[in-house]
Amino acid sequence: MKLKRTHTCGEIAVTDAGTEVVLSGWVENKRDHGGMLFVDLKDRYGITQVVFDPQRNEALYAEGKELKPESVISIRGVVQRRPEGNVNPDRKTGEIEIIAEEVEVLNRSATPPFEIVDDCGASEEVRMKYRYLDLRRDVMRENIIFRHRVYQSMRRYLSEEGFIEVETPTLIKSTPEGARDYLVPSRKFSGRFFALPQSPQIFKQLLMIAGFDRYFQIARCYRDEDIRADRQPEFTQLDIEMTFVDEDDVIAMNEGQVRFLMKDLLGIEVGTPFKRLAFDEALKKYGLDAPDIRFGMTLVDVSDVCADAGFKVFQAVVASGGIVAGINAKGASNYSRRQLDELTAYVGEYGAKGLVWFKVEEEGGTNVLKSPTAKFFDEGRQQKIIEKTKAEAGDLLLFVADGPDVARTAVGRLRVRLARQLDLIPKNTFELCWVTEFPMFEVDEESGRLAARHHPFTSPTPATVDDLEKKPLRVRARAYDLVVNGVEIAGGSIRINTPELQRRVFKALGIGEKEAGEKFGFLIEALKYGAPPHGGIAYGFDRFVAILRGIDRIRDVIAFPKTTTAQCLLSGAPSPVDEKQLEELKLKIIRERDSSER
RNA sequence: GGGGUCGUAGCUCAACUUGGUUAGAGUAUCGGACUGUCGAUCCGAGGGUUGCGGGUUCGAGUCCCGUCGGCCCCGCCA
């Protein structure tokens, strides 16, 4: 490296005209006019145009002609104000250019597999394989730099609020509940394994017991479950825990933080306090526990109207404890048969067995329901449905009859899908709300046992704690989720801080004294020694960054993400390992017969 | 575990309904022309085991089965 850079490619201005500079960067683009050659030189900070003029220096012009896109070079030259009429107003450095005097090619680039431009058109597969090139694109670089700003804002805010950043271990004890663990074999103890943490949960509680009072960590977490657009096998949490607090304290602190972050990162003022919705209310009105409250179209329950109407399908569902839930898609009565079939297929994905629709039409001065199903509803019932759904002529009513969970989920999803289709969602707004009063437990379909809805360290509410033994499904948790535009971005709870209550909750979960001792003995033990009341929250950091940037996939805000099969296309991980490594760990790979024949 | 969708030139796609001669285009690359461009422009050239394996057929990019991979979704994700 002969030439040492004096400036970056984004900072030279007209006031620098006449000075000699050295720039280093990548060849973004080359425009050769025969008698004049322009090279755009790019680095993280910007793009500067370099001019090669054969009349000034023919040999240098010849060198410039040989420059390949994406090569790294250094240029020595003199800053010049661009001739009149040649200013590029779209570029920060568009008023100046560099007259090249010397070029040093630091590393000539092979032809890249795709063009390094925002609209590169390359598939995600190719982009992930060549992620270092993908990250050279402006959008991706800005995503990553924005992410950096989010880290810094969080750290600044929390530090000023008295929170201490502490790292917790990533080689930890595997616990039975929750997601599947990623396991790491121990060499010193063959046959034993560490797990990678699904969250720093227990350790942050131990920090509270240790008296740190206020803790945070930007922590990597690992869950070996199937991937989605908003889920990665390893992801980042902003993890927070506080002592001597109740729900309102944690909520207030986080409202302050989110308000600060929105202002600091986006310049947006959000009002506090945020709306609060009880879990039951969220389900009834929106069908989902992460409601998108940017628009209305709330769910309507017409079970009572359908209970004794002539429509057998609905009757049977209501008779067996199900419900008939629906929504009013305003002005959508022009939906075609094909569109309705698509919506039916869509609710089918969430387990609904069908979708009943009515088009609302005016007939002789009154509104009536039109559809193949309408004949099963007499005039009185039709009017009740119209009344309940606040329907007007031109509306489309859609209903799902099923068990309460399936019906609400299906209609809740349908609501969001229709809102997108009908363009009901306001752009560039953030609607934040807290969902509270979650049930402590839910029935695990596979085992039929109770499972913690949040996690087994969540405290029940005082009002429902005594239902733990007899009516556990009625017990409510001191838990809260923060939902932004229908996306859950944070969740937390007030924790259990006595061994007695912790044992009762474990028992309700079917975790016996002995098992609890083996798996969580260290926590129960710790709760004996002056464990203070405490609670906290964890943000899905990647999701939070993504939603602030207005994108719905977290891969684009992660520098090196994994695919939906949890592989790294760049490095090829996971990969087989040497036999010697397995021997050291005393591990043997059992090959399935089928796969060995491949 | 299940459903959907895609896989053809370096990259993004086309080759249809209904299997049929030499698999096309844009872009990138290479060569040439050009004194002010900024996604420069113009002319020309090269570039293919149609992901992989098997089957059906006189004949397969196209149909069937399997498999690998990308993406989306259900289940799962305390």
Side-chain angles (χ1 to χ4, degrees), chain A residues 28-40 47-56 61 68-70 80 82-91 93-94 97 110-130 133 175-181 198-199 201-202 221-233 235 345-352 406 409-410 413 417 438 440-442 444-446 449-458 477 479 488 491 493 505 509 511 540 552-553 555 562-565 567 569 594-595 597-598:
Chain A
E28 146 105 353
N29 192 11
K30 203 172 72 178
R31 294 175 296 277
D32 186 359
H33 291 251
M36 188 70 85
L37 170 65
F38 302 99
V39 171
D40 286 338
I47 296 175
T48 297
Q49 174 166 286
V50 182
V51 183
F52 293 79
D53 184 347
Q55 295 196 312
R56 284 168 188 261
Y61 168 78
K68 302 293 168 205
E70 297 308 318
Q80 167 184 288
R82 289 198 195 182
E84 204 164 332
N86 289 300
V87 168
N88 182 348
D90 298 332
R91 208 168 265 174
T93 59
E97 59 196 3
T111 302
F114 54 90
E115 283 184 88
I116 314 300
V117 292
D118 274 354
D119 184 22
C120 70
S123 65
E124 282 206 74
E125 193 171 356
V126 177
R127 288 174 46 205
M128 280 195 275
K129 186 170 175 193
Y130 298 95
L133 297 179
T175 55
E177 298 239 347
R180 195 175 293 115
D181 281 328
Q198 296 174 27
S199 80
Q201 183 59 37
I202 293 181
C221 305
Y222 306 84
R223 292 178 190 174
D224 188 4
E225 297 291 349
D226 288 349
I227 309 312
R228 291 283 190 285
D230 62 349
R231 270 165 29 192
Q232 282 273 300
F235 62 100
Y346 182 68
V347 295
E349 289 174 30
Y350 298 92
V406 169
T409 304
R413 297 286 186 168
R417 184 188 167 101
F438 283 88
M440 271 292 276
F441 308 108
E442 58 197 354
D444 180 56
E445 296 290 337
E446 252 174 70
R449 287 192 350 183
L450 286 188
R453 197 182 164 94
H454 187 53
H455 58 53
F457 319 112
T458 300
E488 182 199 327
S493 63
V505 169
L509 287 166
I511 302 173
D552 53 11
R553 57 184 61 201
R555 281 190 301 274
K562 292 190 172 54
T563 68
T564 51
T565 54
Q567 300 186 78
L569 289 183
D594 285 353
S595 62
E597 284 169 0
R598 265 177 220 148

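Numbered from 1 within each chain, the chains take letters A, B, ... in sequence-line order. Excluded from the calculations below are hydrogen atoms, water molecules and symmetry mates; all remaining heavy atoms, backbone and side chain alike, are included. This is a predicted model, so every value here is computed, not measured.
Counting any heavy atom pair closer than 4.0 Å across all strands shown, A/S199 reaches a base atom. Nucleic acid contact class of A/F457 (heavy atoms, under 4.0 Å, all strands): none. If you check every strand for non-hydrogen atoms under 4.0 Å, A/P54 touches nothing. A/Q49 comes within 4.0 angstrom of a base, heavy atoms only. At the heavy-atom level, A/E97 lies under 4.0 Å from base atoms of the strands shown.
By the 30° and 60° cut-offs, the orientation of the rings of A/Y350 relative to A/Y346 is perpendicular.
Only the C1' atoms considered, B/rG46 is 13 Å distant from B/rA28, to the nearest whole Å. Remark: the separation of the C1' atoms in B/rC13 and B/rA23 is 13 Å, to the nearest Å. Rounded to whole Å, the P atom of B/rG44 lies 26 Å from the corresponding atom of B/rU22. Between B/rU18 and B/rG59, the distance separating the two C1' atoms is 15 Å to the nearest Å. Remark: the separation of the C1' atoms in B/rA45 and B/rU50 is 24 Å, to the nearest Å. Separation of the P atoms belonging to B/rC74 and B/rU17 is 32 Å when rounded to the nearest angstrom. Remark: the separation of the C1' atoms in B/rU67 and B/rC11 is 26 Å, to the nearest Å. When the P atom is used for both B/rC65 and B/rC6, the distance is 15 Å, rounded to whole Å.
A/Y222 has its OH atom 26 Å from the P atom of B/rC76, to the nearest Å. Look at CG on A/D53: it is 11 Å from P on B/rU35, rounded to the nearest Å. Atom CG in A/D40 sits roughly 11 Å away from atom P in B/rC38 (whole-Å rounding). Rounded to whole angstrom, the span from the CG atom of A/D119 across to the P atom of B/rG26 amounts to 18 Å. One atom, OH of A/Y350, and another, P of B/rC72, lie 13 Å apart when rounded to the nearest Å. The distance from atom CZ of A/R180 to atom P of B/rG75 is 15 Å, rounded to the nearest whole Å. Atom-to-atom, NZ of A/K30 to P of B/rG39 comes out at 17 Å; the value is rounded to the nearest Å. Following rounding to the nearest Å, A/R228 (CZ) and B/rU5 (P) show an atom-to-atom distance of 18 Å.
Residues A/E115 and A/P69 form no side-chain contact, since every pair of their non-hydrogen atoms from C-beta on lies 4.5 Å or further apart.
Between A/Q198 and A/R223, the shortest heavy-atom contact is O-NH2, 3.1 Å. Contact between A/P54 and A/G35 at its shortest, heavy atoms only, is CD-O, 3.2 Å.
Within 6.0 Å of atom NZ in A/K30, more than 12 heavy atoms from other residues, nucleotides or ligands are found, so the atom counts as buried in its surroundings. Heavy-atom neighbours of A/R56 CZ from other residues, nucleotides or ligands within 6.0 Å: at or below the threshold of 12. Atom CG of A/D119 is surrounded by 12 or fewer heavy atoms from other residues, nucleotides or ligands within 6.0 Å.
Checked by distance alone, A/E115 brings no side-chain donor or acceptor within 3.5 Å of a matching partner on the base of B/rU27. In terms of polar N and O atoms assigned as donor or acceptor, the side chain of A/R31 never comes within less than 3.5 Å of the base of B/rU35 in a complementary pairing. Between the side chain of A/R223 and the base of B/rC77, no donor-acceptor pair under 3.5 Å is found. No hydrogens or angles were tested; on distance alone, nothing pairs the side chain of A/R127 with the base of B/rC11 as donor and acceptor under 3.5 Å. Judged by atom type and distance alone, A/R231 reaches the base of B/rC76 through a side-chain donor-acceptor pair under 3.5 Å.
Each of B/rU35, B/rC76, B/rA28 was ranked by its minimum atom distance to the side chain of A/D226; first place goes to B/rC76. Residue A/D32 has its side chain nearest to B/rC34 when only B/rC73, B/rC34, B/rC30 are considered. Of the candidates B/rC11, B/rC38, B/rC72, the closest approach to any side-chain atom of A/V126 belongs to B/rC11. Ranking B/rG70, B/rC38, B/rC77 by closeness to the A/L569 side chain, first place goes to B/rG70.
A/F38 qualifies as a stacking partner of the B/rU37 base, centre to centre under 5.5 Å and near-parallel within 30°.
When the side-chain nitrogen and oxygen atoms of A/T564 are compared with OP1 and OP2 of B/rC71, one or more of them lie within a distance under 4.0 Å. Listed pair A/R417 / B/rC72 fails the phosphate criterion, with no side-chain N or O lying under 4.0 Å from OP1 or OP2. In terms of phosphate contacts, A/S123 brings a side-chain nitrogen or oxygen within less than 4.0 Å of OP1 or OP2 of B/rU12. The side chain of A/Q567 contributes an N or O atom lying less than 4.0 Å from OP1 or OP2 of B/rG69. Between A/K68 and the phosphate of B/rC30, there is a side-chain N or O to OP1/OP2 separation shorter than 4.0 Å. Remark: A/H33 is in phosphate contact with B/rG36, judged by side-chain N or O atoms under 4.0 Å from OP1 or OP2.
The base-pairing partner of B/rA45, taking Watson-Crick or G-U wobble contacts with both distances under 3.5 Å, is B/rU29. Here B/rG69 sits opposite B/rC6 as a Watson-Crick or G-U wobble pair (both hydrogen-bonding atom distances under 3.5 Å).
Remark: A/E124 engages A/R553 in a salt bridge, criterion side-chain N to carboxylate O under 4.0 Å. Here A/D226 does not pair with A/R231 in a salt bridge; the nearest charged N to carboxylate O distance is not below 4.0 Å.
Comparing A/T409 and A/E125 by the nucleotide of RNA chain B that holds the closest heavy atom to each, the one mapping nearer the 5' end is A/E125. In terms of position on RNA chain B, the residue among A/T563 and A/H455 whose nearest nucleotide sits closer to the 5' end is A/T563.
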